[in-house]
Peer 1: 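Submitted below is the structure of interest, expressed as structure tokens.
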Number of protein chains: 2
Amino acid sequence: MYERGDLFNPACGTRVVLDRIGDKWTALAVLLLQHGPLRFTELRDGIGRVAPKVLTQTLRRLERDGLVTREVFAEVPPRVVYALTPMGRSLITPLTTVSNWAEEHINAINTAQSQYDATV
Amino acid sequence: MYERGDLFNPACGTRVVLDRIGDKWTALAVLLLQHGPLRFTELRDGIGRVAPKVLTQTLRRLERDGLVTREVFAEVPPRVVYALTPMGRSLITPLTTVSNWAEEHINAINTAQSQYDATV
DNA sequence: AGTAGCCAGTAACCAATAGATACTATCGGG
DNA sequence: CCCGATAGTATCTATTGGTTACTGGCTACT
């Protein structure tokens with residue numbers, strides 16, 4: 001069993017991580033934070049159409065995973081700053097290779113979709 | 001606007017692709033196919049706990065995006081073989097960098113989670 | 001002759017996740 | 001003494017994923 005590699009094992013790290021960063025906003029949040037810390041509303045406005053509840057969930061998970069720090073300033077109005085940890089920054093490189101692939105192939109994907117839709 | 005790069009633009013290729021391969025099984029299916037074509041049940045058994053309906057949806061989307069081919073053999077019992085297209089194969093490299101990152105950091109992530117859970 | 005099994009799905013229904021909208025707490029300024 | 005700003009929470013709805021059962025044509029078994 002698993003002769004093609006441990007991808008066939010549901011407990012392998014790749015599958016766990018893909019399941020974690022493979023949700024709707026996690027990878028995007030990490031990429032947005034790559035140039036420096038951002039506040040909650042900066043992330044929310046940057047992502048554009050994310051419900052605050054969902055953004056909070058996403059950031060809490062990233063914090064729990066040790067990829068992001070959450071710093072609360074006891075001010076009024078409140079200020080909360082999110083930043084990447086060293087481990088979070090180390091994720092930028094892999095995500096950037098995916099991002100580059102995306103930019104290189106997005107046109108081909110759109111073309112393929114149009115062709116597929118035309119035949120069906 | 002968008003002075004940090006077009007990630008702040010919801011229509012950028014990165015966001016579209018992340019939204020597409022960021023679902024629950026797509027990236028895993030591509031990685032499973034990297035060593036050669038697989039039949040429907042091989043993919044299903046390889047992934048382990050995926051409903052056939054959802055796997056079908058995943059594979060149809062990959063086919064529509066031009067990343068996977070679907071070849072039907074008119075036999076009984078039926079045989080359907082899925083394989084990566086050249087574009088699908090080109091996605092292996094970026095996904096592998098993510099996969100490698102995952103394997104390198106899965107322990108640190110688990111540790112961070114335990115610490116976080118202990119403080120809360 | 002009858003039937004059970006194989007494979008690649010569909011159909012129908014249920015659970016979990018994401019999204020929309022409204023609301024809260026706090027405090028300084030007008 | 002009411003307003004606005006920020007970082008959320010509460011509630012409800014919509015979308016997505018999951019579970020279980022079923023189909024259909026042929027082959028192999030009884």
Side-chain angles (χ1 to χ4, degrees), chain A residues 10-11 15-30 32-33 36-65 68-83 113 116 119-120, chain B residues 10-11 15-30 32-33 36-65 68-83 113 116 119-120:
Chain A
R15 293 182 61 157
V16 172
V17 169
L18 277 179
D19 201 41
R20 271 291 297 104
I21 71 169
D23 69 358
K24 208 164 170 58
W25 305 115
T26 296
L28 190 56
V30 172
L32 286 175
L33 286 171
L38 292 175
R39 302 177 61 171
F40 185 84
T41 42
E42 292 176 318
L43 282 165
R44 191 198 55 196
D45 298 344
I47 289 178
R49 291 207 163 273
V50 64
K53 185 194 69 174
V54 179
L55 182 57
T56 299
Q57 287 171 353
T58 301
L59 292 168
R60 287 292 192 287
R61 275 195 300 253
L62 282 170
E63 191 191 358
R64 187 171 108 99
D65 291 341
V68 155
T69 58
R70 177 174 176 270
E71 190 177 7
V72 183
F73 294 85
E75 302 171 358
V76 170
R79 186 159 59 100
V80 178
V81 172
Y82 293 91
Q113 285 182 359
Y116 183 92
T119 64
V120 181
Chain B
R15 293 181 63 158
V16 172
V17 169
L18 278 179
D19 201 42
R20 269 292 297 105
I21 70 169
D23 69 358
K24 208 165 168 59
W25 305 116
T26 296
L28 191 56
V30 171
L32 286 174
L33 286 171
L38 293 175
R39 303 178 59 170
F40 185 85
T41 41
E42 292 176 316
L43 282 164
R44 190 198 56 198
D45 298 345
I47 290 178
R49 291 205 165 274
V50 64
K53 184 194 69 171
V54 179
L55 182 57
T56 299
Q57 287 171 354
T58 301
L59 293 168
R60 287 292 191 285
R61 275 195 301 253
L62 282 169
E63 190 190 358
R64 186 171 108 100
D65 290 340
V68 154
T69 57
R70 176 172 177 271
E71 191 177 6
V72 183
F73 294 86
E75 303 172 358
V76 170
R79 184 159 59 100
V80 178
V81 172
Y82 293 91
Q113 285 183 359
Y116 183 92
T119 64
V120 182

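So that the names make sense, note that chain A is the first sequence line, chain B the second, and so on, each numbered from 1. Values in this document were obtained by computation on a predicted structure and should not be read as measured data.
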Peer 1: First and last nucleotide of DNA chain D in contact with chain A, 5' to 3', at under 4.0 Å to a heavy atom: what are they?
Peer 2: dA5(D) to dT11(D)
Peer 1: Let me have the donor-acceptor pairs involving side chains of residues 51-63 of chain A, under 3.5 Å, with sequence neighbours excluded, atom names and distances please.
Peer 2:
{"residue": "Thr56(A)", "atom": "OG1", "partner": "Pro52(A)", "partner atom": "O", "Å": "2.9"}
{"residue": "Thr58(A)", "atom": "OG1", "partner": "Val54(A)", "partner atom": "O", "Å": "2.9"}
{"residue": "Arg61(A)", "atom": "NH2", "partner": "Asp23(A)", "partner atom": "OD2", "Å": "2.6"}

Peer 1: Find the distance between CH2 (Trp25(B)) and CG (Leu32(B)) and round it off to the nearest 0.5 Å.
Peer 2: 10.5 Å
Peer 1: Counting primed atoms plus P, OP1 and OP2 as sugar-phosphate and everything else as base, spell out the protein contacts along nucleotides 7-25 of chain C at 4.0 Å heavy-atom distance: B, S or - for each nucleotide, 5' to 3'.
Peer 2: BSSB-B-----BBB-----
Peer 1: Mind checking the OG1-CG spacing from Thr26(A) to Asp19(A)? Nearest 0.5 Å is all I need.
Peer 2: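 Nearest 0.5 Å value for the OG1-CG distance: 10.5 Å.
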Peer 1: To the closest 0.5 Å, what do you measure between CZ (Arg64(B)) and CZ (Arg20(B))?
Peer 2: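 Going from the CZ atom of Arg64(B) to the CZ atom of Arg20(B) covers 8.0 Å.
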Peer 1: Restricting to non-hydrogen atoms, name the atom on Leu28(A) and the atom on Leu18(B) that form the minimum distance, rounded to 0.1 Å.
Peer 2: N-CD1, 4.3 Å
Peer 1: Let me confirm one number: the CZ-CZ distance from Arg44(A) to Arg39(A), rounded to the nearest 0.5 Å.
Peer 2: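 Going from CZ on Arg44(A) over to CZ on Arg39(A), the span is 11.0 Å.
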Peer 1: What are the two closest non-hydrogen atoms of Tyr82(B) and Leu33(B), and how far apart are they?
Peer 2: O-CD2, 3.4 Å
